[in-house]
There are 2 protein chains.
Amino acid sequence: MARVVVDVMLKPDILDPQGEAVKGALPNLGVEGVERVRIGKRIELDFAEGVDAASVEEQARKVADALLANPVIEDFTIASVEADAPAGAS
Amino acid sequence: MARVVVDVMLKPDILDPQGEAVKGALPNLGVEGVERVRIGKRIELDFAEGVDAASVEEQARKVADALLANPVIEDFTIASVEADAPAGAS
């Protein structure tokens, strides 16, 4: 099985209210020194055995363009990763 | 500046309705061979210069435990990354 991770983040010049909210809460946790917090989406796509590597990233890009990222305010990156750990395991 | 990325995903045995919705839409895009889609959060924490590396990951873990992940249904991973690219750039 081939796993591709699509990371979708707001473009740098777009305000991130969620990130600002988390940043504002950090002093209450005693966490110092954080200049900036940005929050985005991580999507794991697991492809069946036998789907060839080149087409896996191409198809993932197609999905990201069409469904996962809003090109007006978001950027995305695509990376093939080891899929030994079950999805979501830390 | 040191950047730490916290990836928060649902535990493997938790149903992911968002992921199922994306998976269901893939055939309409002509995308074949995707067995599983999981959607989670990616949080970038940018620490100021001078904050020492050991405490950066420790503080990021503290933030993830307290604010970013629900330990009942979510797992998280923490990774220090290069921060040359501006936050969110692909």
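Proteins come first, then strands; the chains are lettered A, B, ... in the order of their sequence lines, and each starts at number 1.
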TODO: Indicate, with yes or no, if A:L10 and A:V72 share a hydrophobic cluster defined by side-chain heavy-atom contacts under 4.5 Å among Ile, Leu, Val, Met, Phe, Trp and Tyr.
DONE: yes
Task: Pairwise distance CZ(A:R36) to CZ(B:F47) - rounded to 0.5 angstrom - done: 14.5 Å
TODO: Please flag which part of A:V37 lies under 4.5 Å from any non-hydrogen atom of chain B: side chain, backbone, both or neither.
DONE: both
Open item on the list: Taking every non-hydrogen pair under 4.5 Å, which of A:V6, A:V31, A:V51 racks up the most with chain B?
Closed with: A:V31
Open item on the list: Counting heavy-atom pairs under 4.5 Å with chain B, which one of A:Q59, A:E49, A:E74, A:R42 comes out on top?
Closed with: A:R42
Task: Contacting moiety of A:L68, where chain B heavy atoms sit under 4.5 Å - done: side chain
Task: Spatial distance of atom NZ (A:K62) from atom CG (B:L26) [nearest 0.5 Å] - done: 10.0 Å
Open item on the list: With a sphere of 6.0 Å drawn around CD of A:E20, does it hold more than 12 non-hydrogen atoms of other residues, nucleotides or ligands?
Closed with: yes
TODO: Taking the side chain as every heavy atom from C-beta outward, state whether B:M9 and A:E44 have any atom pair closer than 4.5 Å.
DONE: yes
Task: Region of A:L29 that comes under 4.5 Å of a non-hydrogen atom in chain B - done: both
Task: Trace of the side-chain contact (heavy atoms from CB on, under 4.5 Å) decision for B:E35 with A:M1 - done: CA-CA 9 Å; B:E35 290 183 332; A:M1 177 189 59; 4.3 Å; yes
TODO: Starting from the C-alpha separation in whole Å, work towards a yes-or-no answer on side-chain contact (heavy atoms from CB on, under 4.5 Å) for B:V22 and A:I43.
DONE: CA-CA 10 Å; B:V22 168; A:I43 301 100; 5.6 Å; no
Open item on the list: Is there a side-chain contact (heavy atoms from CB on, under 4.5 Å) between B:D46 and A:V34? Walk through the geometry before answering.
Closed with: CA-CA 6 Å; B:D46 290 353; A:V34 176; 5.9 Å; no
- [ ] Check each atom of B:I39 against the heavy atoms of chain A and say whether the ones under 4.5 Å are side chain, backbone, both or neither.
- [x] both
Open item on the list: At a heavy-atom distance under 4.5 Å, which candidate from A:G30, A:G50, A:G33 has the highest pair count against chain B?
Closed with: A:G33
